[in-house]
Amino acid sequence: MSIKTTKLTRLQQKELSLSRFHNMLLKINETVLRANDRIKLFEQICSISVENGGFDVAWVGQLNTTSLTVTPLAWHAENAGIDFAKLSFNTCKKSPHYSELCDKSISETRVVIADHATYQYSKPETLDDRIRKHGYASAVAIPLFVEAEIWGVLVLYDRKPQELDKDEVGLLKNFSAYISHALSHLKRSELLNYLAYYDPLTGLPNRELLIDRIQHFTQIVDRNESSLALVLIDIERFQILSKILGRQGADDLLKRFSSRLKEQVFNRDSVARMHGNTFAWLMVDVRSATQVARIVEAAIASVLKENNLLDISFFSLQTNTGIAMYPNNSACPEDLIEHAEAALKEAKASPERCVFYSTEMNEIVFASLDIEHRLSNAILNKQFVLKYQPKIDLRNLRIVGMEALIRWNDPDHGQIMPNCFIPMLEQTGRIVDVGNWAIQQAISDYSTWRTLGLRPSIISVNLSQVQLRRSDFVDSIKDLLSEIDDHGLSLEITESMLMENTQDSIDKLQAIRNMGVDLAIDDFGTGYSSLQYLTLLPVNYLKIDKEFVNNMTSDPNSMTLVSTIISLAHNLGLKVIAEGVETEEQCKMLRLLRCDEAQGYFFSKPVDFETISELLKQDRLDHPH
Ligand code: C2E
Ligand code: MG
Ligand code: MG
């Protein structure tokens, strides 16, 4: 081979090399102009480098400035024998994954070329060495920048040696410039995109994104028949606060407020900044307006509780809240926002801090919340009392028992009947304390009667499902009865209470029976107990529901039912009590049917401690009224 031909070949090679680089640059330029997604851009750059640039492998990696690693984000590496998804190139010499190529290109911010001529194996072996062993004679690393800051590298491997001169290196620098320009452009458009949906101050979704989420969740709600609540919360007197705190201080307050609020939300709920000092909380899967009001009230109380929310002690931070619900009182997502805004406006204008859209709903919610608040202190303030209704032995008309029935003496509304407040106590779990109070009071009244020399009869106290469900139920009764030999306690449970966790309930009730406590099934006939199930229960009384007793004399079916229940109970060794006996006729009929005991207005209404004490003194109701 003559020198001349070698030179010609070199020149031809150079031209070939330059033209493929030009071609590659052209393609990259086209791609860069259309780029709207980083990963797609990188994937295209890699395939252009291989298909147009003639390289065997190309990958793009991003530098993590904390861990000093370069992680490949995209690659074109068919038949390369290297799994880039698992690789991470380190730019720190001590790392076993050290890559001199990446290190130099990043730290010196220049195109680095490693070819067979300059190549020497290092000790210990670097990641570059291990890749080279797959048959790559040369490699090029091109630094990439975002707004003049180093961002990562484009690395190209070739099975052929590369002898690149300054023209070619110049073209590679152009690659770097083009791609870096695209990256900077993408960063700006991502930021714009971010600004379109997020609030830059708090990092919360903005109104646009909230509307998007509402639309998404209304579709889910339509399918699963649940409800959404949109809660708008506004910091009261924020304008004045801004003047006191200054711009920066007011911004800090908004940031702290929003992050506190975010801590209060549940999994799928979301918090957004609507505008200015108005935040939105979208509650998903809510059950009732009262539940929403309770949650919101507790959440706002915890947000405001921390005193470091505001550094100025003379200013007390308060909020106004407007709530609307979907589908309950809004037909579409737009309505929901509009209604919540209307409710917030109302809250700002009225003395109420929290307003529900629709006055009627507002009244219901706040009436029950009001009861809830007043109930929470009722035990402490000794507002509960027990009334007693005697149970009469139908053979001799003597008092053989009494039922304790709770009443609430509310200072504002007078005496309130249990059906109006027991459900609320059950929902909030307060029934546990109130139920224990009732048992304690009944035991204490029983012992008072004994010390007065009376012959008190057994007192039955009604039990709630919530009490029975608790794992400490048996222990709590044991504690209440400890050190009392003759407690005279009996408990009434309803059939429906036993439907869930049957075996667990049976075990607990058995333990209670073992403490000498009688058990009665209340309102029998209204639930769904099977007969077989009845035999398993450790009860000794059945109370026939007052509906059947009431209809007994006019409706033959009720009559048959009452008589059947009585004989069934007797066959099972249980005693029967008829509830709600109001007439002499009913009383006579029940005696004929051999019902054991009766309770009702015919004998006595539930009466207070003094009156029942008088009845006990007579010990016999000769003339029921
Ligand atoms: P219950 O246990 O079935 O109590 C019987 C209800 O019937 C009582 O209503 C009683 O006043 C009423 N009643 C008694 N005789 C007659 C009658 O001849 N005619 C009519 N129409 N009604 C009569 P009250 O006192 O309003 O209690 C309602 C329910 O509240 C009770 O039904 C019981 O389930 C619950 N309750 C009462 N006190 C407590 C308590 O301390 N704890 C729990 N968990 N529930 C209680
Ligand atoms: Mg009862
Ligand atoms: Mg009853």
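Whatever order the structure lists them in is the order used to number ligands and atoms, beginning at 1. Note that this is a predicted model, so its numbers are computed, not measured. In what follows, every heavy atom counts, from backbone to side chain, and hydrogens, waters and symmetry copies are set aside.
- Proximity of the aromatic rings of F238 and F257 is defined here by a centroid distance below 6.0 angstrom, and this criterion is not met.
- At a cut-off of 2.8 Å, E492 coordinates the Mg ion (ligand 2) through an N, O or S atom.
- Residue-ligand proximity: K387 is placed with every non-hydrogen atom at 4.0 Å or more from ligand 1.
- The shell of residues lying under 4.0 angstrom from ligand 1, judged by heavy atoms, excludes V461.
- Not a single N, O or S atom of D545, from either the backbone or the side chain, sits less than 2.8 Å from the Mg ion (ligand 3).
- Judged by distance alone, the side chain of S259 and the main-chain N or O of R256 form a donor-acceptor pair under 3.5 Å.
- Remark: distances from the non-hydrogen atoms of R407 to ligand 1 include one below 4.0 Å.
- Among protein heavy atoms, the minimum distance from atom 22 (N) of ligand 1 is reached at Y601 OH, 3.3 Å.
- Considering only non-hydrogen atoms, atom 29 (C) of ligand 1 lies nearest to N419 out of I439, N419, L386.
- Here the options are V461, L386, V385, N462, the test is side-chain contact (heavy atoms from CB on, under 4.5 Å), and the partner is L405; only N462 passes.
- Residue D522 approaches the Mg ion (ligand 2) most closely through its N/O/S atom OD2.
- For N462, the nearest N, O or S atom to the Mg ion (ligand 2) falls under 2.8 Å.
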